[in-house]
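What follows is one structure encoded as C-alpha cells, with my remarks underneath.
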Amino acid sequence: MILLELKNIKKYFPIKRKSWGGQGAFVKAVDQVSLSIYPGENVSLVGESGCGKTTLARIMIKLIQQDSGSIKLEGQEVANLKGSKFRKFRKDIQMVFQDPFNSLDPRFTVFHILKEAMTLEKVRYRHFRDQEQRIKELLAAVDLPVNILNRYPHEFSGGERQRIAIARALVLNPKLLILDEAVSSLDVLIQDQILKLLQELQDKFQLTYLFISHNLKVVRRVSHKIAVMYKGKIVEMAATQEIFQNPLHPYTKELLSAAIEYKSVRRSEDINIHPNAQLVEKEKGHFVLDV
Amino acid sequence: MINNNRHHSQFQLALQRFRGNKTAMACVFILGFLYFSAVFAEFLSPYSYKDEQRQYSYCPPTPVHFFDQGRLTWPYVYGLQLSFNEFYKREYVTDVNTKYRVKLFASGESYKLLGLIPTRVHLLGVESPGRIYLLGADSRGRDIFSRLIFGGRVSLSIGLIGVLISFTIGLLIGGAAGYYGGRVDNYLMRLCEMVIMFPGFYLLLALRSAVPDDFNSVQVYFAIILILSFIGWASLARIIRGMCLSLREREYVLAAKSLGVNDFHIITQHILPHTLSYSIFAVMLSIPGYILGESALSLIGLGIQDPFASWGNMLSDAMSIVRIKFAPWILWPAFFIFLTVICFNIIGNVLRDCLDPNLKGN
Ligand SMILES: Nc1ncnc2c1ncn2[C@@H]1O[C@H](COP(=O)(O)OP(=O)(O)O)[C@@H](O)[C@H]1O
Ligand SMILES: [Mg+2]
C-alpha cells in the first residue's frame, strides 16, 4: 500500500497587483506535482532554493491548502478529514523544520517543548510519570542527556536543537517524517552525525523519510528514490543510483555537477519547460518531464 | 552556558542585562520615586494644591536654616514680610525676629490617605503663621512643591491609563489585522493610516473643542485620556500587526500547528507573549507622548482647569518672559516633564537593546 500519495498538486501564490483592477500575477510554487511514497522507502525532494519544496511539504501536512489536487494517506483522501480521523492524520505525518534556531519557541524549556508535542495524546500521557518516561525514551533515542530538560533552546548548538526538534517530531509515533532542509544549516560533521542518527531511528521506529534538500549529495546515502524539482514541477524521478549514474533531464545534470564540484547551480534560465510537458517513464522506474 | 542549575529564558536574560545598565536603573528609580510621590501626594505635600495665600504671591523659595548663631539647631525658617521697593516692585523681607520651626509629621489640612484612611498628618510642615515654600510660590501664593506633587498625579497617570487604553485597542485591532490578514488587514490598516495621517496636535484641538465645556475636572481628565488614546492606538496597532504577521510564520508556530495544538493555545502561548515582550519598549517610548499631549492641552488652557494642578497647567503661568525673569521657580514643572520624558525614553531604548536578540553576542 502507498503510504502517501500526491496527485496533481497545484499551488499558485498571488503576487502583489501592480495596479488596481489589473490582472494578478502568480508564483507557480507547486505545479501539477504527483508523488508516491511507499512505506520504508525514503524519498528525497531536491531542487534549488525557491523551487517550491517547502510549499509542497507544507501542503502535505496541511499547513497550507492546495489550489487543486488530492492527497491520500494510506489510501484515504485527507481533504475533508474531521475530528479523530484528522487527529490520526496529524499523528501520522510529522515534520522537522529547516531552521533549528527558529523552530523551537525561545520561551519554552525542552521539557515544555516535548510536552506540548503530546497534545494529541493527552489521554495517554495524562500522568507526569508517563510524560517523563516517554521524554526520557526519546532523548535517549536522539542521543541527548536527560539533564537538559529545564534548559532553554538558546543554550544549545544547531545540531543539538535539531535533535530536540527530531525528538519532538517523534513524540506522536509518526509513520512519515518530513525533513525540510533539516541538515542544511549544519556543518558537514554534524550533518553526518544527524544523518547517521536518522538511519538508526528509521530501524528503531519503522519510519519513512521524505528528505528535502537543495543538495543532491547530502541525501544520497539516505534516500532510495530521488525526485528533482524545478520551478514547481518534478522534472525527473528515479532510484538514487539511477539519478546519479544516468541523469536524463538537463536540470538534473546541472544539479549533479553542482553537487559534486561544490559549485553553485548555474543560472538555469536556459532550461525551458514546455507548458504541456508530462512525466513519462523513460526506463523502468525512471520518470522524466517531457512533451 | 556554564550555569547548570539555573536556566533562564531569553526574556529573563534581557531583564538581567537591563538590570546591569546603570543609567536605565537610575531612570527606573527616578520614575518609581515620582509615581510613589504621586500616590502619596497628600502626605508628602505640606499644603493642599488649592491652599491660597495671596500675600505670598510669587514668594521665592524659603531658605531652611540649620544654624542659629553658629550653633546647630532644629531646622527653622524665618517669617516673611511683603513690601514694595522704590520701583513698586514686590520684595519679601526676612523678619529675623520671627522663627518657625520645621516640623516632621506636622498636622495640617485633613485628607484621606490612599482615599481610605482619614488623617491630618503631613510629612513636612512649619509652625503656624509661618509658611514654607520649598520651591517657591505661584501667583496666588500656592506652594509650587505641593502643586508639583499633585500635578504629577494627573500628568503621570494620564500616560499610564492612556497607554493602557490605546494598547488594548492596538492589540485587538493589530492582532486581528495580523492574524487574519487579507481584506480585514487591508481595511484596518487603512483606518490606522487615516488616524496617523492627521497632524496629531490639531486633531487634539479639534477633539477637545468637541467636548462640552461644562465638564467637571474628572470628566475633563477622562476626556483628555480618551482623546489622547484615540490618537495613539494607531501606531501601536501597526506595530502589533507587523509582529503578528511575522510571528504566525515562525517555524515554532508551524510546528505547534502540525502537532495539533489548537489556535487559542498557539495565539496565547506562541504569538502574544512574543508581541508583549517586544512591545514593552514601544509602550515605554509612547508614554511621553501622552504626558506631553496633556501638558500641551493644559498649557493652552484646554486641559485640567485651575485650581486643579497638572504640570501643563502650572506651566501656563510661565508663558510670559517677564514672569519667568521675576520668578524663575515657576519653571519647575517643565523640569519634571523633561525628567519624566527623558527617563521613559532611556528605559525604552535600553529595553529595546536588551530585548533585541541580534545584540545577544556578548
Ligand atoms: N506564503 C507565500 N506567499 C507568496 N509566495 C510564496 C509564499 N510561500 C512561498 N512563496 C513563493 O513560492 C516559491 C517557492 O517557495 P518555497 O516552497 O519556500 O521554495 P523552497 O523551499 O524550494 O526554497 C518561492 O518563489 C516563494 O517566493
Ligand atoms: Mg525551503
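All of these numbers come straight from a predicted model, not from anything done at the bench. Labels below follow one simple rule: chain letters A, B, ... track the order of the sequence lines, proteins then strands, and each chain is numbered from 1.
- Counting heavy-atom pairs closer than 4.5 Å to chain B, the top residue among A/Thr109, A/Ile113, A/Asp99, A/Thr119 is A/Asp99.
- Heavy-atom neighbours of B/Met197 CE from other residues, nucleotides or ligands within 6.0 Å: above the threshold of 12.
- Within 6.0 Å of the CZ atom in B/Arg183, the count of heavy atoms belonging to other residues, nucleotides or ligands does not exceed 12.
- Within residues 162-177 of chain A, the residues approaching chain B closer than 4.5 Å by heavy atoms are, in numerical order, A/Arg168, A/Leu172.
- For the residue pair B/Val261 and A/Glu116, the shortest heavy atom distance occurs at CG2-CG, 3.9 Å.
- Summarising the geometry, atom CZ belonging to A/Arg58 is positioned 9.5 Å from atom NZ belonging to B/Lys257; distances are rounded to the nearest 0.5 Å.
- Annotation for A/Leu63 and B/Ser258: closest pair CD2-N, 4.2 Å, computed over non-hydrogen atoms.
- B/Arg248 meets the salt bridge (Lys or Arg N to Asp or Glu O under 4.0 Å) test with no other residue; sequence neighbours excluded.
- Identified under the salt bridge (charged side-chain N to carboxylate O under 4.0 Å, His left out) test for residues 229-247 of chain B, with sequence neighbours left out: B/Asp185-B/Arg241, B/Glu193-B/Arg238.
- The 12-atom threshold is not exceeded at CD of A/Gln133, counting heavy atoms of other residues, nucleotides or ligands nearer than 6.0 Å.
- In plain terms, the two heavy atoms of B/Gln269 and A/Arg107 that are nearest each other are O-NH1, 3.1 Å.
- No more than 12 heavy atoms of other residues, nucleotides or ligands lie within 6.0 Å of CZ in B/Phe29, so this atom counts as exposed by the packing criterion.
- Open room surrounds CG on A/Asn80; 12 or fewer heavy atoms of other groups in view lie less than 6.0 Å from it.
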>> Let's go through A/Asp105 and B/His274 carefully: what are the C-alpha distance in whole Å and the side-chain angles of both, what is the deciding distance for side-chain contact (heavy atoms from CB on, under 4.5 Å) to 0.1 Å, and is it a yes or a no?
In response: CA-CA 10 Å; A/Asp105 191 330; B/His274 291 271; 3.0 Å; yes
>> Between A/Gln94 and B/Leu259, does the side-chain contact (heavy atoms from CB on, under 4.5 Å) criterion hold? Intermediate values first, please.
In response: CA-CA 7 Å; A/Gln94 279 299 317; B/Leu259 286 164; 3.4 Å; yes
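- Atom CZ of A/Phe13 has more than 12 neighbouring heavy atoms from other residues, nucleotides or ligands inside a 6.0 Å radius.
- Contact between A/Ser103 and B/Ala255 at its shortest, heavy atoms only, is O-CB, 4.4 Å.
- The neighbour count for A/Lys72 NZ, taken as heavy atoms of other residues, nucleotides or ligands under 6.0 Å away, does not exceed 12.
- Annotation: ring pair (Phe, Tyr, Trp, His ring centres under 6.0 Å) contacts involving residues 91-110 of chain A, sequence neighbours excluded, comprise A/Phe108-A/His112, A/Phe108-B/His270.
- In plain terms, the two heavy atoms of A/Arg90 and B/Gly260 that are nearest each other are CD-N, 3.8 Å.
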